[in-house]
Amino acid sequence: MEGTTITLAFEEGILTGSAGCNTYGGGPDSGPYLATTDGRLTITQTAFTLMACLEPEGIMEQETAYIEALQQAATYRIINGHLEIFD
């Protein structure tokens, strides 16, 4: 969505990012992720900040859809430096 930025960063046992309005993360306390060299990806649980953004219109709906999709991740691949996640 124009005017928003979604990010995702993986570190050893921890993931962090911004869903456009709220930040999120996962790690040893909230549920670690599993990424294998053969492309499997499991994100078991994430913790979120709880801000409500009003602009741009639709940002909270976009954020909800992104987080739901992220939690359904099953596989990933990296093509030309871009991460693609599949359910």
Side-chain angles (χ1 to χ4, degrees):
M1 173 182 277
E2 181 105 10
T4 63
T5 301
I6 295 175
T7 63
L8 172 60
F10 293 97
E11 297 178 27
E12 186 68 35
I14 298 171
L15 65 91
T16 61
S18 169
C21 174
N22 288 286
T23 58
Y24 64 93
D29 296 333
S30 62
Y33 71 90
L34 172 66
T36 64
T37 56
D38 65 352
R40 288 184 294 141
L41 177 62
T42 304
I43 298 173
T44 55
Q45 194 173 9
T46 52
F48 307 93
T49 58
L50 297 174
M51 298 184 300
C53 297
L54 302 176
E55 293 184 7
E57 186 176 334
I59 189 170
M60 297 309 294
E61 291 81 2
Q62 172 186 271
E63 182 169 284
T64 299
Y66 169 71
I67 295 300
E68 287 174 357
L70 187 62
Q71 291 176 333
Q72 294 176 21
T75 61
Y76 76 95
R77 67 181 179 189
I78 300 172
I79 302 292
N80 296 325
H82 291 94
L83 174 65
E84 296 179 350
I85 299 174
F86 303 91
D87 64 6

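Quick caveat, the model's predicted, so the values are computed rather than measured.
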Filter on salt bridge (Lys or Arg N to Asp or Glu O under 4.0 Å), then keep only pairs touching [range], sequence neighbours left out; what's left?
| range | answer |
| --- | --- |
| residues 5-17 | none |
| residues 13-24 | none |
| residues 38-54 | Asp38-Arg40 |

**Phe10: ring pair (Phe, Tyr, Trp, His ring centres under 6.0 Å) partners, not counting sequence neighbours** =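 Phe10 satisfies ring pair (Phe, Tyr, Trp, His ring centres under 6.0 Å) with Tyr33 once adjacent residues are dropped.
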Same cluster or not: [X] versus [Y], using hydrophobic residues (I, L, V, M, F, W, Y) connected whenever any side-chain heavy atoms lie under 4.5 Å apart?
| X | Y | answer |
| --- | --- | --- |
| Leu8 | Ile78 | yes |
| Leu41 | Leu83 | yes |
| Phe86 | Ile43 | no |

**Asked** Which residues satisfy the side chain to side chain donor-acceptor pair (under 3.5 Å) test with Ser18, sequence neighbours excluded?
**Response** none
**Thr49: side chain to side chain donor-acceptor pair (under 3.5 Å) partners, not counting sequence neighbours** = Asn22
**Request:** Quick one: list whatever passes side chain to side chain contact (heavy atoms under 4.5 Å, CB included) with Thr16, sequence neighbours left out.
**Result:**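 Counting only residues at least two positions away or on another chain, Thr16 forms a side chain to side chain contact (heavy atoms under 4.5 Å, CB included) with Ala9, Ile14.
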**Message:** Among residues at least two apart in sequence or on other chains, which ones pass salt bridge (charged side-chain N to carboxylate O under 4.0 Å, His left out) with Glu84?
**Reply:** Arg77
**Prompt:** With a cutoff of under 4.5 Å between side-chain heavy atoms, which Ile, Leu, Val, Met, Phe, Trp and Tyr residues group with Met1?
**Reply:** Ile59, Met60
**Asked** Apart from Ile79 itself, what residues make up its hydrophobic cluster, given side-chain heavy atom links below 4.5 Å?
**Response** none
**Closest heavy-atom pair and its distance - Ile6, Gly20** =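 Ile6 and Gly20 have their closest heavy atoms at CG1-N, 4.2 Å.
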**Prompt:** Tell me, which pairs form a side-chain hydrogen bond (donor to acceptor under 3.5 Å, both in side chains) where one or both residues lie in residues 65-74, sequence neighbours left out?
**Reply:**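 For residues 65-74, and leaving out neighbouring residues, the side-chain hydrogen bond (donor to acceptor under 3.5 Å, both in side chains) pairs sorted by first residue read Tyr24-Tyr66, Thr46-Gln71.
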**Complete:** Residue pairs meeting disulfide (SG to SG under 2.5 Å), one or both in residues 40-87, sequence neighbours left out, come to Cys21-Cys53
